[in-house]
Engineer: 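Have a look at this one.
Lettering of chains follows the sequences in order, A, B, ..., and the numbering in each one begins at 1. As a basis for the values below, the full set of heavy atoms in this structure was taken, side chains included, without hydrogen atoms, waters or symmetry mates.
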Protein chains: 2
Amino acid sequence: MTNAAALSDSSNFALRQLRILLDEGRFAADQRLPPERHLAAQIGIGRRALRRALEVLEAEGRIWRHQGKGTFLGPRPVHTETGLEELSNRTNPLEVMDVRLEIEPILARLASLRASNGDVERLLHLAEKTASSSDADGYELWDSALHRAIAEAAGNSLLLAIFDMIDRIRQDTNWQVLRERARSKDRLSAYVEQHRRVIAAISQREAHAAERAMREHLEAVRESLLRVMTSPVADEDGRAHETINDTKSELRHGT
Amino acid sequence: MTNAAALSDSSNFALRQLRILLDEGRFAADQRLPPERHLAAQIGIGRRALRRALEVLEAEGRIWRHQGKGTFLGPRPVHTETGLEELSNRTNPLEVMDVRLEIEPILARLASLRASNGDVERLLHLAEKTASSSDADGYELWDSALHRAIAEAAGNSLLLAIFDMIDRIRQDTNWQVLRERARSKDRLSAYVEQHRRVIAAISQREAHAAERAMREHLEAVRESLLRVMTSPVADEDGRAHETINDTKSELRHGT
DNA sequence: GGCTCGAACCAATTTGCAAATGGTTTCATG
DNA sequence: CATGAAACCATTTGCAAATTGGTTCGAGCC
């Protein structure tokens, strides 16, 4: 079971000593063990041997360590915080798109039920802006504002916070490259028309239609994202290569 | 419009001077103004007079201040971070329940599509635990673990993070009182049966059924929450009063 | 040669402290 | 009694030192 057989004698001795220490419960659960330097001196072995023993224990899940913090008993605590960077590393563009496809139709439906007339007016205004923005950068800005306005109109602050979380991940990371390539002139005009349908359904209080229109819009976005990620593209030298590899190397993948 | 008329002469002078400073654009937008002590000396008035002038400007929304940080131009930046406390203050139990009703059926559906056999085994094990836990506290623990396991089985780390966010808000705040009152013996047994149906649908890969079963379960939970919040309850003195008022006073409502 | 150990260095984190800054109170003064 | 200066409080920021796991290097020892 353990790879202790591959360890040296002193490491093995350290491992036995450590197991005794842990088993006898001298250290309460979730408590920090003494620093490696102390522990090594206490057991009477070198730090290197100790560390190899600790590696085994960590692999077994009995302890966990973190640089600068220390060595702790028990399983590594789940990283349940809403650290934006951490999340950006763990997720990927397709996951984000999947979540948008689940959440935003809900928001559109709720918006159709709860939007005030002022909200609707604002949506119409934003839709105009997206339609009239010539450059892609401008479109991106107004599009983002429009989607958020729909989320606001849904009238649930927690859902709005969730939307913001997704939106920040979408914008924060280095997937910008993808988005840049994903928006071409003809697609943008299609998006504008889809926006119109969503807003029309909201203003006419047609919950089902709003939900469906938003889903169709996001499916179109998703499809164009997929196409961009999988289709080959030619760089300046004219050599074609899979862009998926490019973007993958740009993403910092967590463990 | 302004309440400058109620200010003293020196404060009024300070206000005029400050308006000039702000209007002439010597300080860029979002920039920090000099500390009050410096500014007061610069204008040649006392700090108290300056502060009263700043209060006016802050009420007008032209500046915002924060202890330890400084005084800044422009409107107070929106607190768009995922601060758990902030969110807990802005939302309320019914909103959270609404969101759970939207999100968790999705998670159940995805789980039915993507859960591994190991995941299903784990769900069954957790369902047993919830069923066999006698006291309400124990049930709460296993129930929470079960719902999270379903979210994990859905296989989307971003959705999982969203679930965790909701779950932390649900647990973090002082709504515990509500939950304690919301679980009675008979209801728990109903919940156990509903759990069984959800897990059965997941294990049989019936996406639609899983989604519906989860929605029905959460609707039951929501109903019991509503009942607890609206029904009168008798305290030790035997006096009945609306519990909604109790809980409302416990919640810290944001602006 | 291979292994161990100690030392040194690197990197991440925590801690402690001082300074800065808005918020508040106190007090002498005219 | 309002003013203004000073003092004090509370929060935030910045920085340096200490702590601690992670890594490298070289001497010494089978």
Engineer: Quick one: side chain to side chain donor-acceptor pair (under 3.5 Å) partners of Glu58(B), sequence neighbours excluded?
Structural biologist: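 Once residues adjacent in sequence are excluded, the partners of Glu58(B) under the side chain to side chain donor-acceptor pair (under 3.5 Å) criterion are Arg65(B), Arg76(B).
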Engineer: Which residues pass the side-chain contact (heavy atoms from CB on, under 4.5 Å) test with Ala115(A), not counting sequence neighbours?
Structural biologist: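 Counting only residues at least two positions away or on another chain, Ala115(A) forms a side-chain contact (heavy atoms from CB on, under 4.5 Å) with Asp119(A), Val120(A), Ala153(A), Ile202(A), Arg205(A).
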Engineer: Quick one: side chain to side chain donor-acceptor pair (under 3.5 Å) partners of Asn156(B), sequence neighbours excluded?
Structural biologist: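 Side chain to side chain donor-acceptor pair (under 3.5 Å) check on Asn156(B) returns nothing, list empty.
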Engineer: Taking only N and O in the side chain of Arg51(B), is any of them less than 4.0 Å away from OP1 or OP2 of dG22(C)?
Structural biologist: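 False: Arg51(B) side-chain N/O out of range (4.0 Å or more) of dG22(C) OP1/OP2.
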Engineer: By side chain to side chain donor-acceptor pair (under 3.5 Å), which residues pair with Glu152(B), not counting sequence neighbours?
Structural biologist: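 Here the qualifying residues are Arg148(B).
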Engineer: At what distance, to the nearest 0.5 angstrom, does CD of Glu95(B) lie from CG of Leu160(A)?
Structural biologist: 9.5 Å
Engineer: Once you round it to whole Å, what is the distance between P of dG21(D) and CD of Glu55(A)?
Structural biologist: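 Going from CD in Glu55(A) over to P in dG21(D) covers 13 Å.
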Engineer: Could you pull out all residues at least two apart from Ala149(A) that satisfy side-chain contact (heavy atoms from CB on, under 4.5 Å)?
Structural biologist: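 Partners of Ala149(A) under the side-chain contact (heavy atoms from CB on, under 4.5 Å) test: Arg122(A), Leu123(A), Leu126(A).
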Engineer: Mind checking side chain to side chain donor-acceptor pair (under 3.5 Å) for Asp98(B) and listing every partner two or more places apart, or none if nothing turns up?
Structural biologist: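 Result, side chain to side chain donor-acceptor pair (under 3.5 Å) vs Asp98(B): Arg222(B).
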Engineer: Which whole-number value in Å describes the distance from Lys69(A) NZ to dA18(D) C1'?
Structural biologist: 17 Å
Engineer: Expressed in angstrom and rounded to an integer, what is the separation of Arg65(B) atom CZ from dT11(D) atom C1'?
Structural biologist: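 Taking atom C1' of dT11(D) as the reference, CZ of Arg65(B) is at 15 Å.
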Engineer: Check nucleotides 25-30 of chain C against the protein and report each pair of N or O atoms closer than 3.5 Å, with its distance, or say if there are none.
Structural biologist:
none

Engineer: Output the rounded distance in Å from CZ (Arg52(A)) to P (dT23(D)).
Structural biologist: 14 Å
Engineer: I want to check one thing: is the phosphate of dG21(D), taken as OP1 and OP2, less than 4.0 Å away from some side-chain N or O of Thr71(A)?
Structural biologist: yes
Engineer: Side-chain polar contacts of residues 35-42 of chain B - donor-acceptor pairs under 3.5 angstrom, sequence neighbours left out - could you list them?
Structural biologist:
| residue | atom | partner | partner atom | Å |
| --- | --- | --- | --- | --- |
| Glu36(B) | OE1 | Arg47(B) | NE | 3.1 |
| Glu36(B) | OE1 | Arg47(B) | NH2 | 3.4 |
| Glu36(B) | OE1 | Arg51(B) | NH1 | 3.3 |
| Glu36(B) | OE2 | Arg51(B) | NH1 | 2.7 |

Engineer: Please confirm whether the shortest side-chain N or O distance from Arg32(A) to OP1 or OP2 of dT19(D) is below 4.0 Å.
Structural biologist: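 Result: no.
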Engineer: Collect all protein-nucleotide pairs involving nucleotides 6-10 of chain D in which both atoms are nitrogen or oxygen and the distance is under 3.5 Å.
Structural biologist:
| residue | atom | partner | partner atom | Å |
| --- | --- | --- | --- | --- |
| dA7(D) | N6 | Arg47(B) | NH1 | 3.4 |
| dC8(D) | N4 | Arg37(B) | NH2 | 3.4 |
| dA10(D) | O4' | Gln67(B) | NE2 | 3.2 |
| dA10(D) | N3 | Gln67(B) | NE2 | 2.5 |

Engineer: Looking only at side-chain N and O atoms, does His66(B) come under 4.0 Å of OP1 or OP2 in dT11(D)?
Structural biologist: no
Engineer: I'd like to check the salt bridge (Lys or Arg N to Asp or Glu O under 4.0 Å) partners of Arg62(A); sequence neighbours left out, ordered by chain and number.
Structural biologist: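 Arg62(A): salt bridge (Lys or Arg N to Asp or Glu O under 4.0 Å) contacts with Asp23(A).
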Engineer: Report for the helix from dG1(C)-dC30(D) to dG30(C)-dC1(D): angle between first-end and last-end helix axes, five pairs each, rounded to 10 degrees.
Structural biologist: 10°
Engineer: Tell me the interatomic distance from Leu50(A), atom CG, to dT4(C), atom P, rounded to whole angstroms.
Structural biologist: 13 Å
Engineer: Between His38(A) and Gly46(B), which has a closest nucleotide on DNA chain D that is more 5'?
Structural biologist: Gly46(B)
Engineer: Who passes side-chain contact (heavy atoms from CB on, under 4.5 Å) against His66(B), sequence neighbours left out?
Structural biologist: Trp64(B), Lys69(B)
Engineer: Starting at CG of Leu54(A) and ending at C1' of dG22(D), how long is that distance when rounded to a whole Å?
Structural biologist: 12 Å
Engineer: To the nearest 0.5 Å, what is the distance between CD1 (Ile162(B)) and CG (Leu158(A))?
Structural biologist: 10.0 Å
Engineer: For Arg19(A), is there an ion pair with Glu60(A) - N to carboxylate O distance below 4.0 angstrom?
Structural biologist: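 Salt bridge flag = yes for Arg19(A) with Glu60(A).
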Engineer: Nearest to the side chain of Glu36(A), which nucleotide is it out of dT21(C), dG22(D), dT13(D)?
Structural biologist: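 For the Glu36(A) side chain, the nearest candidate turns out to be dG22(D).
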